[in-house]
Participant: 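Quick one: the structure is below, questions incoming.
This chain uses plain numbering: 1 for the first residue, then up along the sequence.
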Amino acid sequence: MPSPSWLTSFSCSPSPIESSSPAFFFLSPCPQRVLFSSVDLFFLLILLVFSLRKLCSRPCSYANTTSFIARPLLFEKDTLYKVTCFFHFSFFVVILLAISYVVLSILTFTHDTSLQTSWKLIEALFRGSQAITNVVVLLVMMNEKRVKDTKHPLPLRVYWAANLVISFLFAASGIYRLVNIGVANLEFNLKIDDIFSIVNLPVAVYLSLLAVKGSSGIHVVQRPDFDSSSAEPLLSQRILKEENLSPYANASFLSKMLFLWMNPLLQKGYKFPLKLDDVPSLPPQYRTEKMTELFARNWPKPEENCKYPIGITLLRCFWKEFIFTGILAAIKLVVSFVGPVLIQKFVDYTSVKERPASQGLVLVLILLLAKSVESLSSHLFGFHNQKLGMLVRSSLMTSLYEKLMRLTSSARQIHGAGQIVNYMAVDAQQLHDMTMQLHNIWMTPLQVVVAMVLMYFYVGLSAFAALLGAIAMFVYAVLGSRKNNMFQYSIMVNRDLRMKAVTDMLNNMRVIKFQAWEKHFGSKIQNFRDLEYHWIGKFMYAFSNTLGVFSTSPIMIAILTFGAAILQGYHLDSGTVFTVISMIKTLQEPIRSFPQSLLSISQATISLKRLDEYIKSRELDESSVERVENNDSNLAVEIKEGSFSWDDKGEEATLQVSELEIRKGDLAAIVGTVGSGKSSLLSSVLGEMHKISGQVRVSGKTAYVAQTAWIRNATIEENILFGLAMNREKYSEAIRVCCLEKDLEMLEYGDQTEIGERGINLSGGQKQRVQLARAVYQDCDIYLLDDIFSAVDAQTGTFIFKECAMGALKDKTVILVTHQVDFLHNFNLIAVMRDGKIVQSGKYKELMESGLDFKALVAAHESSMELVDRTDASGPSTKPSKEGENKGKMKSQEEDKSESGKGTSKLIEDEERETGRVNFQVYIQYCTEAYGWWGVALVLLMSLVWIVAMMSSDYWLAFETSKDRTFNPTLFMGGYAAIGVVSCVMVIIRSYAVTRWGLETAQSFFNRMLQSILHAPMSFFDTTPSGRILSRMSTDQLFVDIIIPMFMGILVLSYFFLLSIFVVTCQNAWEVVFLIVPLIWLNNWYRKYYLASSRELSRLEFIAKAPVIHQFSETISGVMTIRGFGKQSAFCEENINKVNTNLKMEFCTYGSSEWLAYRLDMFGVVFLCIATVLMIYLPSAIMKPEYVGLSLSYGLSLSALLAMSVSLTCQVENKMISVERIKQFSNIPPEAPWTVPDGLPPHNWPTHGHIKLQDLKVRYRPNTPLVLKGISLSIDGGEKIGIVGRTGSGKSTLVQVLFRLVEPSSGKIVIDGINICTLGLHDLRSRFGIIPQEPVLFEGTVRSNMDPNGLYSDEEIWKSLERCQLKDVVAAKPKKLDSSVVDGGDNWSVGQRQLLCLGRVMLKRSQILFLDEATASVDSQTDVVIQKIIREDFKNCTILSVAHRIPTVMDCDKVLVVDEGYAKEFDTPERLLERPSLFGALVQEYSNRSS
C-alpha cells in the first residue's frame, strides 16, 4: 500500500491534490514543526506577561491581599515544606529534554545535508524553540522550589497538555514512516526526529499527567499559626504522624506508577496472616472525613432546584479524577492498535528472503514499547478507576448516614429499616461498580471507529461492512440493556422486600420462636426470594444471550468484512487477513463488555433515583422547636397553641396543646389512658413531630429515655457513658440511683459485661434502668422520661423515684409519662391527656377536686389497691432478715463462679474468620451443588468444543491464504462461515448452561442458609449481630447470585484461550516451549505470593463491612434517643471511623490486585517479544509468513489474557469467601427438632395444664453462671400463678425455659405427664399462649398481626379486639382490619401494641397461658378491665403471670417469688402474708410507695 507523498515532503505548502486534506497540516513534517514552534512561542509570551505582572505588583503592600502572585512569598519562614521525589524526578525529566533539544539543535547545523535551506531553517527553529522552552520550564520549576509553590502554574499545565497532543501527532507519523518507508530511506534529521518523537511520547504522557494532577511535588507539612481557622492542616499533621499510614501517602511517582508502595504489606502478608491492625490506614486525601466535607461543599444550593442532586454533586466532586482516568483510557486505546498494525509488517518482513536484521529489531522494539505502555496505562487506569469508585461510595455512605440523623419519623417509616440499609449496602455499591464501566461508554465506540479507519487502509470500503456489524451489535446492546434495566429494577425491588422481611424477622426472633411462627416467616421470606430469583433468572438468561451474541460477534464481523472484500476484488493474503482479525479481536473485549457497561450504568441510574428519593425525603425542621440555653426565663418547656402530626404532609393534628408551661426544676407528670397521646407530647417537645402551627420553646439540654429501651451492642459502662469521659464519682452515683448495683454484682464481669444487640441479654427492667443511668450521667437540664416504671418491680420503682427522680434529678426539670398513679401526689404539675389533647392540668389535689378523667384514673387504681390493703391487713409483712438474704446471695455467687469457670465478658464474639487459602472443598461444593460432577463436565466440554471451533476458524484462514495454495473465494468463505456457525451455536448453548448452573447453585445456597438460620437456637441470635446475618443475606448472596457464576464462566474460557495461545505459539516457534515452564512458575509464584495477602484482605473487608451495616440498623432503631441527647455528631464521627476501616481494606485490595496484574502482564509482554524474535529470525523455509500472522494474532492478547486469567483466579478466590461465609451460616448448630415423629403429643394436649418442675437449673450458654439454680415446684391445672421478684431475678428466664428457648442445664419439666424435652419445639410452643415482655408487631396489617397464619374469621378477630379494648380504635380507622402496621409497629402506641398481643392470645385460646408483664405499658384503668377479661376468658386455663404490679397477682391462686434464680417462696398470697416473707415486703412496699 503506497504512502502519501506529503509524509516525507519537506515543503510547507501542500500540492493542489493535497490541499483539501487536513492530514497534511497535522502529519506532514514542516507544518508539524511550525505548529509546535507556535505553541512554544505562545507559551513563552504568556510567561512573559505573568512575569511582568508580578514585577509590577511587588511594590504593593501584601498586608491585606490574597493574590496567588503574593501567596508563595507570605510567611515562608513559618511554614514547613517537604520537596518529594516526585518533584525531583519531574525536574530531572525536563533537564533531559532541554539537553536533548540543545544537542539536536547543534546537529542540525553540523550534519551535512543537501536539502533546501528553508527546511534546514525550520528544523533549526523548531529544535531551538524546544530547547529554549524547556530551559524556561526549568527556571519556572526552580522558582517553584524557591517560593515553595505546591501547584504548577496554569500556563505550564496548559502547555504540557498541548504538548501531549502534538507529541502524539509526531509519534504517529514517525512510526508510520519508520515502518512503511524504512529507516534507511529517511533523511538524517527527519529520521532522528522520528526516533526521538517515539522515545519522547512516554515523557509527554508523564508531563500531561502532571498537568492534570497540578501538584508540583512540594507538600505542606505544617501551616503557620495564622491559619488556625481551618482544622484541616491539624488533621493532616495528625494523620501524617500515624505509625501505620499507607505508604501511598508519601510514595514517589515511580512507586505509584509501578505499585511498589504495596510491597511492605504484601511481604508482611506472605509471612503470616494479616490482621486488622496490620493493614495501613488510608492516605489523608482519601479519608472519609475529607470526602464528606467535599460532598457537602459541592451539594447543590436550594435555589438551583436540582432534580438529580446526588449525580450532580458526585460530578462536581470527582470530575478531575474522571478526566484523569479518561486520559489513561485514551492512552491505552491508542497503543492497543499498534500491535495489530505491526502484524502486516512482520508478515512482509518474513516474506522477504534477504531482510536486514535491524528492521526486524526495530519492529520488535516498537512492539515491546507499545505493549509496555498499554500494560502500564491499563493497570493505572484500573487502579485509579477503582479508587474513584471507593471515594464515591465513601461519600455516599457517610452522607446517607447523616441524612438518617435528620429524617422525620414519617419518612423513616416510608423507607423502612431494611431498605435504608440497602441504600448503603447495595445502591452505594452499584454506583461504585458503575465507575469501572463508565469510560467504556465512550471508549468502545471510539475503539470501533479507530479500528474501522485502520481497516480501511487494508480492505478499503469493506471496512464499512465491519462497521455495520459493529453498529448492529451496539443497537442490540442498547435494546437489550432496556430490558435488563427493567429486570434489574424488579430484582432490586424484590430484594428490598426480602431484606425488609429478614430484618423484621431478626429484630423479633424471640417472639417468632415463642409463637412457633418460623415456618410462616420462612415462607414469607422464601416467597420474596422466589420473586427475586424469578427476575434474577430473566436477567441472567438475557445477559447470557447478550454475552453469547457478543462473544461470537468477532467471527460474524470477520465473515461480513472478508465477504465484502472478496466481492470488491481485494486480494486477501495472510498479512491482511490476520491484521483485520487482530483488530477485530482487539474490539472483542470492549464489545463484549459493552452490554455489561450499559447494564452497570442502568443499575446505577436506578440506584441514583432511589438515593435521590431518599436524600430528598422530608427532614426534621430544626426551627419547629426554639432551643435556648442559659437564659433567664423560669420556664423550661413552653408550648402555645401547638398542633402536631406524625404525617409530614398531613394537616390533621394528631396532638393539640393549647398551652403547656413547665417551670425549671419542676417534676411534671403526663397521664392518660392507652393511646391518648402521652408519648407524642414528649416527641413534640423533642421536635420529632411535624408542627402544623403554634410555638414550642425549650430552655436547656434535653435527655430522653424511651418507653421501649434502646441499648447499644457495647458494654454496660459504654452504654451509660454514651461518649462522655469517665467521672468515677458521677458514674457510681448514676448506677446507685438507678438501682443497678445489685445487678452488676450478679453479672460475673460487672459493668464490663457486653450487652447483646438490642439489649438481648438483659431483662426488660435492666434495660430500662441502664438507659435511665445513661440519661442521669449526661447531666442535662431537662429529662423526658417515657414510662420508666413499667418494666421494674414495685420496690425498684419506689427506690428509683425517690433516689433518682426526687434525688439526683431534684434540681432538674423532669417530665415523666407514667401509669403509676401512686407517685402523682409528689409532682408539681400533672397533665391529663385524652384523644391527643390535654384535658386537665394542675396539682394532685386540684385535679381530684375537679373530677373528670384524672379522678377516674385514680379511682381505678384505688379499686385495684383494695385487695392489696385487705390482704395486707390480714397478717404481718416483715421483711426477711438481711443476714439470711446476704448469706443466700454469697452462696449463690460462689456457686456461680465455681460452675462458670473462666467464662468471658464478651457476649458478641469476634466474627468467625477462616485463614489461609479458601478450602478446596468450598470450590467442590459450589461447583457440584446443583448438578454434581456431570454439570461440571458438561460445561468444560462445551467450553472446549467452542475453543476448538474458534481455533479451527483461524487455522482455516491461515491455510486458505498461504502462498502455496490457489485462493478459492467460495471455499474460503464457505468453510469459514460453517465453522463460525458451529462456534456461535456452541457459545450460546454454553452460556445458557452456565447460567442455569449458576442460578440453581445460588438458590440452593440461599435455601440452606435460610433454613439453618430459622432452625438456629435463640442463643445464636443473642450473640450474633444482625449486621453479620444481613451482610450474608445481601452482599454475599448477591455475589453468589450473579458475580461468581459470571466470573467462573469467564475464568474457564480464559484458561482455554490461554491454552490455545500456547499451542499456536509453540507450534510455530518450538523454542518458546523452554520459556513456558519459567513463565508458568513465575505466574504461579506471584499468584501464591499475592493470594496470601489478598485472601485475608478480602476476609477483613467483609468483617469490616458488617459493623457499618450493624451501626446503620442500630441507629435506625435508636435515632430518636440519639437526637434527644444531641449526639448526632458523635455518631456520625463513629460512622466515619467504621467506614474508614472498611475502605482501607478496599484500597489495599485494589492496589494489590493491580500490583499482581501489572507484573503478570509484563511477563506476557516479554514472552511475546522473545517468541516474535524467534519467529522472524527463523528461516522462511521453516517459518511460513501466514503462521507468523496467526501466531501474532494470538500472541498479542497473551499478556492481557495471562494477567486476566491469574487475576480472575484471584478474584474468584476472593469472591469465594462469600460462599465460605454463607457456608458458615448454613451449618449453624440447630436447636431441637420442630417436630419429633415418634414423640407427638395428643392433639388436645395439654388437657389440664398441670406443670411440675424438678430441680430445674438453667444457664444461657456454657461457661456462664446459672440463671435458675434448682427450682422445684408443682402447679395444678387451672391454677393462676403470679410470678414476682425484683428485676433480673430470673422471672422471664423461667418463662423462656418452659418454651425451651433456653434448654434446661439439668432437671425436668413435666406438663400433663409429658417431659417437654421429649417433644418437638413446634409441638410444644404452638400449644401455649404468651404475651411477651416486649410487645412486638410486624410490618403488615392489623389482621396479619392478629392472625399471621390466616386461621380465624374476621368475626372472631373483631370479637377478640373487642375483648382487648381495641375494637373502637381499629373500627375508627378507614381500612379497619387492613389498617397499616409499619415496621416495628411504630404507628401504634406501646400500650396499644400490648393490647394487640393480648388479642392474639385470645384468638389462640391455649390451655396454658403465660403473661410476661402483659399490662406493664397500660394505665391502671385499662389494666383492671384486662385482668377481668383474662379471668373470664381463661377461667379454666393454667395462667403464669409475671408482674410488677402487685394488684395483678393478688387474686392469683398462688404466688411464686423468684430471687437470684431461686424459688424463694411459693404459696397462696394469704399464707405468704401471714408470715415474714419477701412477698409481704413487696406488698408493703407497694402499699407505702405513695407516702
Side-chain angles (χ1 to χ4, degrees), residues 79-89 148 150 213 215-223 227 230-294 321 380 383-384 386-391 393-395 397-398 1090 1093-1094 1096-1098 1100-1101 1103-1105 1107-1108 1133-1155:
T79 309
L80 297 179
Y81 293 90
K82 179 182 178 184
V83 181
T84 63
C85 298
F86 182 64
F87 176 85
H88 293 305
F89 182 74
K148 307 296 187 291
T150 58
K213 189 174 180 183
S215 173
S216 65
I218 300 170
H219 292 169
V220 178
V221 178
Q222 180 182 335
R223 292 284 186 193
D227 200 17
S230 172
E232 187 180 332
L234 297 175
L235 175 68
S236 300
Q237 192 174 345
R238 175 174 59 80
I239 292 170
L240 285 169
K241 290 180 180 177
E242 284 185 16
E243 291 183 8
N244 201 22
L245 182 64
S246 172
Y248 187 90
N250 299 311
S252 66
F253 180 77
L254 186 64
S255 176
K256 289 179 180 178
M257 290 272 283
L258 303 180
F259 305 101
L260 301 176
W261 56 274
M262 278 301 304
N263 286 346
L265 182 65
L266 293 173
Q267 286 170 4
K268 188 183 287 187
Y270 186 65
K271 292 175 183 175
F272 52 82
L274 292 174
K275 297 175 184 174
L276 204 63
D277 295 335
D278 294 327
V279 182
S281 57
L282 285 170
Q285 64 270 35
Y286 305 138
R287 293 288 175 95
T288 305
E289 49 268 42
K290 186 88 173 174
M291 294 303 106
T292 307
E293 180 194 341
L294 182 67
E321 287 79 0
L380 284 173
F383 172 71
H384 287 285
Q386 290 179 102
K387 185 190 73 182
L388 175 58
M390 180 194 79
L391 298 181
R393 195 164 75 90
S394 167
S395 306
M397 286 166 77
T398 50
Y1090 158 78
S1093 301
S1094 174
E1096 304 312 314
L1097 284 172
S1098 291
L1100 289 170
E1101 185 184 339
I1103 289 170
K1105 187 179 286 185
V1108 181
E1133 187 176 344
E1134 183 182 337
N1135 174 253
I1136 284 171
N1137 292 334
K1138 289 180 186 296
V1139 173
N1140 271 332
T1141 302
N1142 177 222
L1143 294 185
K1144 74 176 185 179
M1145 306 300 165
E1146 280 193 30
F1147 186 73
C1148 292
T1149 300
Y1150 301 150
S1152 62
S1153 63
E1154 296 302 336
W1155 176 93

Participant: Mind telling me whether Phe253 and Phe89 have parallel, tilted or perpendicular rings, with 30° and 60° as the class edges?
Facilitator: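 Parallel: the ring planes of Phe89 and Phe253 meet at under 30°.
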Participant: Is the number of heavy atoms from other residues, nucleotides or ligands within 6.0 Å of CD (Glu1133) greater than 12?
Facilitator: no
Participant: Donor-acceptor pair, Arg287 side chain versus Asn1140 backbone, under 3.5 Å?
Facilitator: no
Participant: Measure from NZ or CZ of Lys387 to the centre of the six-membered ring of Tyr1150 and say whether it is under 6.0 Å with the direction within 45° of the ring axis.
Facilitator: no
Participant: Which heavy atom of Lys256 sits nearest to which heavy atom of Trp261, and what is that distance?
Facilitator: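 For Lys256 and Trp261, the tightest heavy-atom pair comes out as CA-CD1, 3.9 Å.
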Participant: Please walk me through it: do Ser1152 and Ser1093 pass side-chain hydrogen bond (donor to acceptor under 3.5 Å, both in side chains)?
Facilitator: CA-CA 8 Å; Ser1152 62; Ser1093 301; over 6 Å; no
Participant: In the structure I gave you, are the side-chain heavy atoms of Thr1141 and Val279 within less than 4.5 Å of one another anywhere?
Facilitator: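 Sidechains of Val279 and Thr1141: no contact.
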Participant: Going by heavy atoms in the side chains, are Cys1148 and Leu265 under 4.5 Å from each other?
Facilitator: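 The answer is yes; the side chains approach within 4.5 Å.
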Participant: To the nearest 0.5 angstrom, please state how far the CG atom of Leu1097 sits from the CG atom of Leu274.
Facilitator: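 Between Leu1097 CG and Leu274 CG, I get 5.5 Å after rounding to 0.5 Å.
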Participant: Measure the shortest side-chain to side-chain distance between Pro280 and Leu245 over non-hydrogen atoms and say whether it is less than 4.5 angstrom.
Facilitator: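 Answer no - side chains too far apart.
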Participant: Once rounded to the nearest 0.5 Å, what's the spacing between atom CG of Leu294 and atom CG of Leu391?
Facilitator: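 Spacing of CG (Leu294) from CG (Leu391) equals 9.0 Å.
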Participant: May I ask you to decide if Met390's main-chain N or O and Ser394's side chain share a donor-acceptor pair within less than 3.5 Å?
Facilitator: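 No: the side chain of Ser394 does not pair with the backbone of Met390.
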Participant: Within a strict 4.5 Å, meaning less than it, do heavy atoms of the Ser1094 and Ser1153 side chains meet?
Facilitator: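 Heavy-atom side-chain distance check fails, nothing below 4.5 Å.
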Participant: Please tell me if the side chains of Leu1143 and Tyr286 come closer than 4.5 Å, counting only heavy atoms from C-beta onward.
Facilitator: no
Participant: Check salt bridge (charged side-chain N to carboxylate O under 4.0 Å, His left out) between Lys1138 and all other residues, then give those that pass, not counting sequence neighbours.
Facilitator: Glu1134
Participant: Within a strict 4.5 Å, meaning less than it, do heavy atoms of the Leu258 and Trp1155 side chains meet?
Facilitator: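 Not in contact.
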Participant: Quick check: closest heavy atoms across Glu1154 and Gln386, and the distance to 0.1 Å?
Facilitator: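 Distance-wise, the nearest heavy atoms are OE2-NE2, 3.2 Å.
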Participant: For Glu1101, enumerate each residue passing the side chain to side chain contact (heavy atoms under 4.5 Å, CB included) test, keeping only those at least two apart in sequence or located in another chain.
Facilitator: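 Glu1101: side chain to side chain contact (heavy atoms under 4.5 Å, CB included) contacts with Asn1142, Met1145, Glu1146, Thr1149.
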Participant: Any idea which heavy atoms bring Ser395 and Met291 closest together, and the distance?
Facilitator: OG-CB, 3.5 Å
Participant: Are Phe1147 and Pro283 packed together at the side-chain level, in the sense that at least one heavy-atom pair is separated by less than 4.5 angstrom?
Facilitator: yes
Participant: To the nearest 0.5 Å, how far apart are CE in Met262 and OH in Tyr1090?
Facilitator: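 Going from the CE atom of Met262 to the OH atom of Tyr1090 covers 9.0 Å.
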Participant: Can you find a pair of side-chain heavy atoms, one from Tyr248 and one from Leu282, that are under 4.5 Å apart?
Facilitator: no
